[in-house]
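Reminder, nothing fancy here: chain letters follow the sequence lines and each chain counts from 1. These numbers were taken from a predicted model, which means no experiment stands behind them.
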Amino acid sequence: MTILVIVEHDNKTILPATLNTITAAAALLEPIEALIFGNELEDVAKQASTIASITKVLSANSEEYAHNLAENIAPLIQKIASDYSHIFAPATTFGKNIMPRVAALLDMMQISDIIEVISSDTFKRPIYAGNALATVKSSDPIKLITVRSTAFDMADLNGGSASIETITASGDSGLSEFKSSELSGSERPELTSAGIIISGGRGMQDGANFAMLENIADKLGAAVGASRAAVDAGFAPNDYQVGQTGKVVAPDLYMAVGISGAIQHLAGMKDSKVIVAINKDEEAPIFQVADYGLVADLFDAVPELENKLS
Amino acid sequence: MKIMVPVKRVIDYNVKVRVKQDQSGVELNNVKMAMNPFDEIAVEQALRIKEAGDADEIILVSIGPSQSQETIRTGLAMGADRGIFIEAPHETEPLSVAKLLANIAKQENPGLIICGKQAIDDDSNQTGQMMSALLGWSQATFASAVSLSANTALVTREIDGGLETISVKMPAVITVDLRLNEPRYASLPNIMKAKKKPIDVISIDTLGVDITPRLSVLKVEEPETRKAGIKVGSVEELLTKLQDEAKVI
C-alpha cells in the first residue's frame, strides 16, 4: 500500500491544509508520496520534498496546471491513481473542486471532509453541518478522501529528504480557461490556519467598525472573521465568513464579538479550543458554547481590550 | 437552449437534526422537508438566464423517494417548465446520482446543468463535479456570478482567500454558491399553474446504472456538545483568564 497526497500551493509555499492532510494520511502508517503540479514549481516541489513522512515527490510542471483547472488536473491524477491504495487531498475549495472529478473518472465514491481515520477503509465525517457524525466504510479499491484540515495537526515541513520525480503532463483539455483572480491579499494569517481568530457579527453595525477588530487582530497576530449575518449585511467580505456555508475553523482562541451564535455560525467554529463571546445580550446562544463570556456593549469592551493589549 | 437543474429533497435547514437512538442515521420521520437551499439558488439562476432570453426551457430532475415530486413541484412553482422524477429504492450516493443525471443529460441535451454546490444533508460536495467528468464537460464550481455568451460561460468562483473568474466552454456544469442570487418565492397563481406542469416519471431500472452503495454507514452519532463556561465581569478579568488560565494569549 502506498498513499498519494495531492499538494496545494501558491507557487511560493505549500499551503497549510496540505500539511494537515499529510498528518491524516500518516495515520495509516504506510509510505506517502506527494503529487505537486503547477507551472514553474521547482521551489515548491523542493519544499514538498522536505516534509517529514513524504518518501517521494511527483512533480508535473506544465502551463496547463498553472491555475488548478480541474479538467486538466483530473486526468493527470487518474493516470497515476492505480499505483495507490489511497489518495488524500485537503478539503479546501482546491481539493473539493478537483477530487470528485477524479473519483468519477476512476468510478470510485469519494469520502468527503473526513475528521478521523479509523482504519484503512473506515473514516469519520461530519454530516448535516456537523450536527451528526457518520462513520463510513468504503468498499472501493482506491479510497479517494478529502480531509478537514482543522481536525488534524500540521505535518512538519522539515526533516524529510524525498526524491523528486518529474512526471509527464497530461495536456490541456481546452474546456476551461483562467481569466482573473481577486485575492484579499491580507497580511494577516489565513482563517483556516490561524491560531487566534477574532470575528464580528451583526452587532458590529457597520463595516467601518471592523477596523476595531483588525487592530486587535494585528496585536495578537490573529485572523479576522465574520458571521454570515455580517457578511450578508455587507460589513465584511465573503471570504471572512465563518460557518456552515463559509469556512470551518478551529483555532486555539476564537473571539466572537457581537455574534449571537446562530446554528449556522456555531457549525463553523465550535471545535475551537477556547471560545470567548462578547455580546450585550446575555441570552445570546453564543454564551452556551463560550468558555469565557463577557456581557457588555462591544463598543465599550473592544476599545478597552485594545488598550489593555498595548 | 435547455437548462437542467437537479433538485434534492432534504431536511429543512431550519430544523434541528436529531440522530436516531440506534445510531443508524438521522430521524427523517415527521420532520419538515424542503428543497436543498443551494438547489433553490440553482433554479433561480436558471430562471434568470431564461428571463434574459438565453434559455427556452428549464427541466428539473429529482432522484429519491416519491415525495421528491413535491420538491420538483416547488421548483415548477418558481417558474421551471417541467420535471423528471426518478424513484430510488434507497439512498443514493453522489456517484450513482451523477451517473443517473448524466444519463438524463444525454437524453435531454441541455446546454447547461446548474446545481447546488452541495446538499445540506450529507454535505458531500461531489455530484456536480462527477456529472461533469462523466459527460466530459467543463465545470465551474462554487459560482458567485455567471454570465453567458455564445459558446462560453464566464463564472466567478468563491475560492479560499477570494474570488476567481474562469471561462468555461458550454455545455458546462455550474455548481452554485450561496451568494449567487436570492431565490424568489413562488406566487399563489404560479403555485396553481405548477400543478398542471408535467413531471415525467422514469423508472430507475431503465437507466442502466448500478446504484449499489460503495460506502456503508456503520454508525451515525451526535457530536460532543460544548458546555457553557463562565461569565467574566470585565475586560480586565477576561484578559487575565486568557493569559493565566487558558494560556492562549
- Item | Under 4.5 Å from any heavy atom of chain B - which part of A:Ala74 | neither
- Chi angles and distances behind the side-chain contact (heavy atoms from CB on, under 4.5 Å) call for B:Gln126, A:Met109: CA-CA 9 Å; B:Gln126 299 175 7; A:Met109 177 57 205; 3.2 Å; yes
- Please examine the side chains of B:Ile104 and B:Ile86, heavy atoms only from C-beta on, and report whether any two atoms are closer than 4.5 Å. yes
- Message: Let's test your reading of the structure: which of B:Val168, B:Asp177, B:Thr225 forms the most heavy-atom pairs below 4.5 Å with chain A?
- Response: B:Val168
- Name the region of B:Arg157, side chain, backbone, both or neither, that has any atom closer than 4.5 Å to a heavy atom of chain A. side chain
- Task: Mind ranking A:Ile275, A:Ile263, A:Ile111, A:Leu105 by heavy-atom pairs under 4.5 Å with chain B and telling me who comes out on top?
- Result: A:Ile275
- Query: Between B:Leu218 and chain A, which part of the residue has a heavy atom less than 4.5 Å away: side chain, backbone, both or neither?
  - Reply: both
- Message: Are there over 12 heavy-atom neighbours, none belonging to A:Glu182, within less than 6.0 Å of that residue's CD?
- Response: no
- Query: A:Thr192 versus chain B, heavy atoms under 4.5 Å apart: side chain, backbone, both or neither?
  - Reply: neither
- Pick whichever of B:Lys231, B:Lys169, B:Glu237 has the most heavy-atom pairs under 4.5 Å with chain A. B:Lys231
- Message: Tell me if the CG atom of B:Asn151 is crowded by more than 12 foreign heavy atoms within 6.0 Å.
- Response: no
- Scored by heavy-atom pairs under 4.5 Å with chain A, the best of B:Val235, B:Leu242, B:Ile166 is B:Val235
- Message: Please classify the contact between B:Leu239 and chain A as side chain, backbone, both or neither, with a heavy-atom cut-off of under 4.5 Å.
- Response: side chain
- Query: Around A:Lys280, counting heavy atoms of other residues, nucleotides and ligands shown, do more than 12 lie under 6.0 Å from its NZ?
  - Reply: no
- Task: Heavy-atom pairs under 4.5 Å with chain B are the metric here; pick the option from A:Ile196, A:Asp121, A:Leu253 that has the most.
- Result: A:Leu253
- Query: Looking just at side-chain N and O atoms, do B:Lys8 and B:Thr71 make a donor-acceptor pair shorter than 3.5 Å?
  - Reply: no
- A:Leu69 versus chain B, heavy atoms under 4.5 Å apart: side chain, backbone, both or neither? side chain
- Query: Going through the distances and angles, do B:Phe142 and B:Asn125 end up as a side-chain contact (heavy atoms from CB on, under 4.5 Å)?
  - Reply: CA-CA 10 Å; B:Phe142 326 140; B:Asn125 196 331; 3.6 Å; yes
- Task: Please flag which part of A:Val102 lies under 4.5 Å from any non-hydrogen atom of chain B: side chain, backbone, both or neither.
- Result: neither
- Task: Return the option, out of B:Arg18, B:Glu222, B:Gln118, B:Glu158, with the maximum number of heavy-atom pairs under 4.5 Å with chain A.
- Result: B:Glu158
- Query: Which one of A:Arg228, A:His67, A:Met99 has the most heavy-atom pairs closer than 4.5 Å to chain B?
  - Reply: A:Arg228
- Message: Test your reading of the model: is there a side-chain donor-acceptor pair from B:Arg226 to the backbone of A:Lys270, 3.5 Å cut-off?
- Response: yes
- Task: Sort out for me which of A:Ile98, A:Asp252, A:Thr135, A:Val295 touches chain B most, counting heavy-atom pairs under 4.5 Å.
- Result: A:Thr135
- Query: Quick check: are there more than 12 heavy atoms from other residues, nucleotides or ligands sitting under 6.0 Å from CD of B:Gln107?
  - Reply: yes
- Item | Interchain contact, B:Ala98 with chain A, by part (heavy-atom threshold 4.5 Å) | neither
- Message: Does any backbone or side-chain atom of A:Glu71 lie under 4.5 Å from a heavy atom of chain B? Answer side chain, backbone, both or neither.
- Response: side chain
- Are B:Asp160 and A:Phe94 side-chain neighbours, meaning at least one heavy-atom pair lies under 4.5 Å? no
- Side chain from CB out, backbone as N, CA, C, O: work out which of these in B:Tyr13 comes under 4.5 Å of a heavy atom of chain A, or both, or neither. neither
- Side chain, backbone, both or neither: which part of A:Ala296 has a heavy atom under 4.5 Å from chain B? neither
- Item | Which atoms of B:Lys241 approach chain A - backbone, side chain, both or neither, heavy atom under 4.5 Å | both
- Task: Kindly check if the number of other-residue, nucleotide or ligand heavy atoms within 6.0 Å of CZ (B:Arg179) is above 12?
- Result: yes
- Message: Would you say that more than 12 heavy atoms from the other residues, nucleotides or ligands in this model lie under 6.0 Å from the NZ of A:Lys124, or not?
- Response: yes
- Task: Sort A:Leu294 into side chain, backbone, both or neither according to what part of it lies under 4.5 angstrom from a heavy atom of chain B.
- Result: both
- Sort out for me which of A:Glu282, A:Glu190, A:Lys247 touches chain B most, counting heavy-atom pairs under 4.5 Å. A:Lys247
- Item | Residue among B:Val26, B:Leu154, B:Leu163, B:Thr141 with most heavy-atom pairs under 4.5 Å to chain A | B:Leu163
- Task: Return yes when atom CD of A:Glu116 has more than 12 non-hydrogen atoms of other residues, nucleotides or ligands closer than 6.0 Å, and no otherwise.
- Result: yes
- Query: Side chain, backbone, both or neither: which part of A:Lys273 has a non-hydrogen atom closer than 4.5 Å to chain B?
  - Reply: backbone
- Would you sort out whether B:Leu112 and B:Ile49 count as a side-chain contact (heavy atoms from CB on, under 4.5 Å), showing the intermediate values? CA-CA 10 Å; B:Leu112 273 181; B:Ile49 292 170; 4.0 Å; yes
- Structural part of A:Leu266 lying under 4.5 Å from a heavy atom of chain B: neither
- Hey, are A:Asn97 and B:Gln139 close enough side-chain-wise for a donor-acceptor pair under 3.5 Å? yes
- Message: Does any backbone or side-chain atom of A:Val302 lie under 4.5 Å from a heavy atom of chain B? Answer side chain, backbone, both or neither.
- Response: neither
- Task: Give the intermediate values and the outcome of side-chain contact (heavy atoms from CB on, under 4.5 Å) for residues B:Ile41 and B:Leu178.
- Result: CA-CA 7 Å; B:Ile41 296 170; B:Leu178 201 67; 4.2 Å; yes
- Query: Can you tell which of B:Val220, B:Val217, B:Ile230 has the highest number of heavy-atom pairs within less than 4.5 Å of chain A?
  - Reply: B:Ile230
- Residue A:Gln241 versus chain B: region with a heavy atom under 4.5 Å: side chain
- Query: Relative to chain A, which segment of B:Val232 carries a heavy atom at a distance below 4.5 Å: side chain, backbone, both, or neither?
  - Reply: both
- Message: Checking A:Asn72 against A:Ser173: is there a side-chain donor and acceptor pair closer than 3.5 Å?
- Response: yes
- Residue B:Ile159 versus chain A: region with a heavy atom under 4.5 Å: both
- Query: Are any side-chain N or O atoms of A:Arg125 and backbone N or O atoms of A:Ser112, one a donor and one an acceptor, separated by less than 3.5 Å?
  - Reply: yes
- Message: Is B:Ser234 close to chain A through its backbone or its side chain, or both, or neither, when contacts mean heavy atoms under 4.5 Å?
- Response: backbone
- Query: Can you tell me if CD on B:Glu245 sees more than 12 non-hydrogen neighbours from other groups inside 6.0 Å?
  - Reply: yes
- In terms of heavy-atom pairs under 4.5 Å, which option from A:Leu191, A:Val274, A:Val231, A:Asp140 contacts chain B the most? A:Asp140
- Query: Between B:Val19 and chain A, which part of the residue has a heavy atom less than 4.5 Å away: side chain, backbone, both or neither?
  - Reply: side chain
